[in-house]
Number of protein chains: 2
Amino acid sequence: MKFTMAEENYIKAVYHLQHGQEVVSTNALSAELQTKPASVTDMLKKLKAKKIISYEPYRGVKLSAEGRKVALGIVRKHRLWEYFLVDKLQFGWDEVHEVAEELEHISSNKLIDKLDEFLGHPKFDPHGDPIPDSKGKIIAQPQEQLSGALLHTPVQITAVGSQSTELLELLKHKGLQMGTRLEVKKVFDFDGSLELRIKNQQVVTVSRELASVLFVKSL
Amino acid sequence: MKFTMAEENYIKAVYHLQHGQEVVSTNALSAELQTKPASVTDMLKKLKAKKIISYEPYRGVKLSAEGRKVALGIVRKHRLWEYFLVDKLQFGWDEVHEVAEELEHISSNKLIDKLDEFLGHPKFDPHGDPIPDSKGKIIAQPQEQLSGALLHTPVQITAVGSQSTELLELLKHKGLQMGTRLEVKKVFDFDGSLELRIKNQQVVTVSRELASVLFVKSL
DNA sequence: ATAAAAATTTAGGTTTGTCTAAAAATAAAT
DNA sequence: ATTTATTTTTAGACAAACCTAAATTTTTAT
């Protein structure tokens, strides 16, 4: 089955918002896609007719098995293109998201499989998110939040929870990126902020909000 | 100024059809774009309002200076992507056109300039067509038609006049491709067909129609 | 120079994806 | 358990890009 760009964007949005949630609300989609709730309702009807989602009025929406497959295909394209942009074209990891939003809609499967091969079948994109393989298989990462890390224990940043330019700008400013090694020096209970030491050098403070979207693994 | 995909396709079509011609007709665009003449008229009005073309009802259309710049930008993208597909992803030169038709609409200028650099600033695409540089400068190739080549004079294929799958399929079948060396052995006045010897080996016959869309340079 | 043919434009519709405003359903609060 | 607030859906419109059918202009042929 073929999909328009708009349909693909809705499918991808449902996929992302479904993480953890049982169903996704109309308003959540409206916010994610920057459209009005009424427009979301229209599209949900259309996707339901195509059996991509299951949806009952007022009851929220979730992807069907077929829909999940489609979503994983789009996510695969998005992340492979991001890897390409950073690894081959020397883009900064914080400036690839928007371009990949366009590239992910190029339809050729042959293209994406050849790209995958050219890149050496990478397993993670530049933000640390796993790349689904050509069959839609995706490595489930045991995402450990920085906010839950032990004190004085060296960890490494493996993923960030969003690709908003605002977040990426903040990380850049603080000198944090994928693979950065650090340890938590202090936790302030008042506001949940953390004091980190990066590579045994600079000390930076991160807010509770920031710490909750940074994922790490112990070293 | 920004353009929709449909607008870009019209601009590119006018550019291609304008080659040699003073103005381009509505019907020519309709045929090229596989749409009805009435649809073409609608779009011409729109592009005229945007000052991309000059157009008077019933009088045909041509690109404005601005329109030419836009067209060259699209052509540049198309040909760089084709080069990428063949050179990096190992696509056959006859299977890249359709994918490039999609990729040429990706908007990021940074992307295309980085891609250009990554590819080593190629001057010609896999079909032998020149690639405009980032300023819109394009090498005018002195396109010598095979149908006008001298007998028994070694020449090399430098370009093909169209990217239709039909043409590319035929070339593949005959064992002809970019860079193929050959010489014309005989010209049949009856139907304008040519007998060629490829690399001093096989002998193939090509029709007048085919010979007129193959471009060569003397060796 | 007219009549016939071809090309082009106009007029009026359709589909996709969006919107606003109003109605209906669900959830929250007193 | 009502009332109030929030969420969601319906109804009706709009722009983009296409279509068909009919009218108009230009070109070609007699």
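These numbers come from a predicted model, not from an experiment. Here is the naming used below: chain letters follow the sequence lines, and residue numbers restart at 1 for every chain. For the numbers below, each heavy atom of this structure counts, side chains included, while hydrogens, waters and symmetry mates do not.
- Phosphate proximity of D:dT10 to A:K45: present, with a side-chain N or O under 4.0 Å from OP1 or OP2.
- In this structure, the CD atom of A:E7 is 9 Å from the P atom of C:dT16, given to the nearest Å.
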Could you write out each protein N or O paired with an N or O of nucleotides 18-21 of chain C at a distance under 3.5 Å?
residue	atom	partner	partner atom	Å
C:dT18	OP2	A:Y10	OH	3.4
C:dT18	O4	A:D42	OD2	3.2
C:dC19	OP2	A:K36	N	2.9
C:dC19	OP2	A:S39	OG	2.6

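- Taken residue by residue, residues 20-28 of chain B places heavy atoms nearer than 4.0 Å to DNA chain C at B:S25, B:T26, B:N27.
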All N/O pairs under 3.5 Å across the protein-nucleotides 24-28 of chain C interface:
residue	atom	partner	partner atom	Å
C:dA25	O4'	A:Y58	OH	3.4

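- Note on ring orientation: taking the six-membered ring where Trp is involved, the planes of A:F118 and B:F118 are perpendicular (angle over 60°, cut-offs 30° and 60°).
- Annotation: salt bridge (charged side-chain N to carboxylate O under 4.0 Å, His left out) contacts involving residues 32-44 of chain B, sequence neighbours excluded, are absent.
- The environment of NZ in A:K217 is sparse: at most 12 heavy-atom neighbours from other residues, nucleotides or ligands sit within 6.0 Å.
- Rounded to an integer number of Å, the gap from CG of A:L44 to P of D:dT10 is 11 Å.
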Donor-acceptor contacts, no H, no angles, side chain residues 24-31 of chain B, under 3.5 Å, sequence neighbours left out:
residue	atom	partner	partner atom	Å
B:S25	OG	B:A28	N	3.0
B:S30	OG	B:T35	O	2.7

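- Judged by distance alone, the side chain of B:K174 and the main-chain N or O of B:K172 form no donor-acceptor pair under 3.5 Å.
- Heavy-atom neighbours of A:E195 CD from other residues, nucleotides or ligands within 6.0 Å: above the threshold of 12.
- Sorted by first and then second residue, the side chain to side chain donor-acceptor pair (under 3.5 Å) pairs with a member in residues 56-79 of chain B read B:E22-B:K62, B:K48-B:E56, B:R76-B:D113, B:R76-B:D116, B:H78-B:E82, B:H78-B:H97, B:H78-B:E104; sequence neighbours excluded.
- D:dA16 atom C1' lies 15 Å from atom CD of B:E8, rounded to whole Å.
- The NZ-P distance, from A:K50 to C:dT15, rounds to 15 Å in whole Å.
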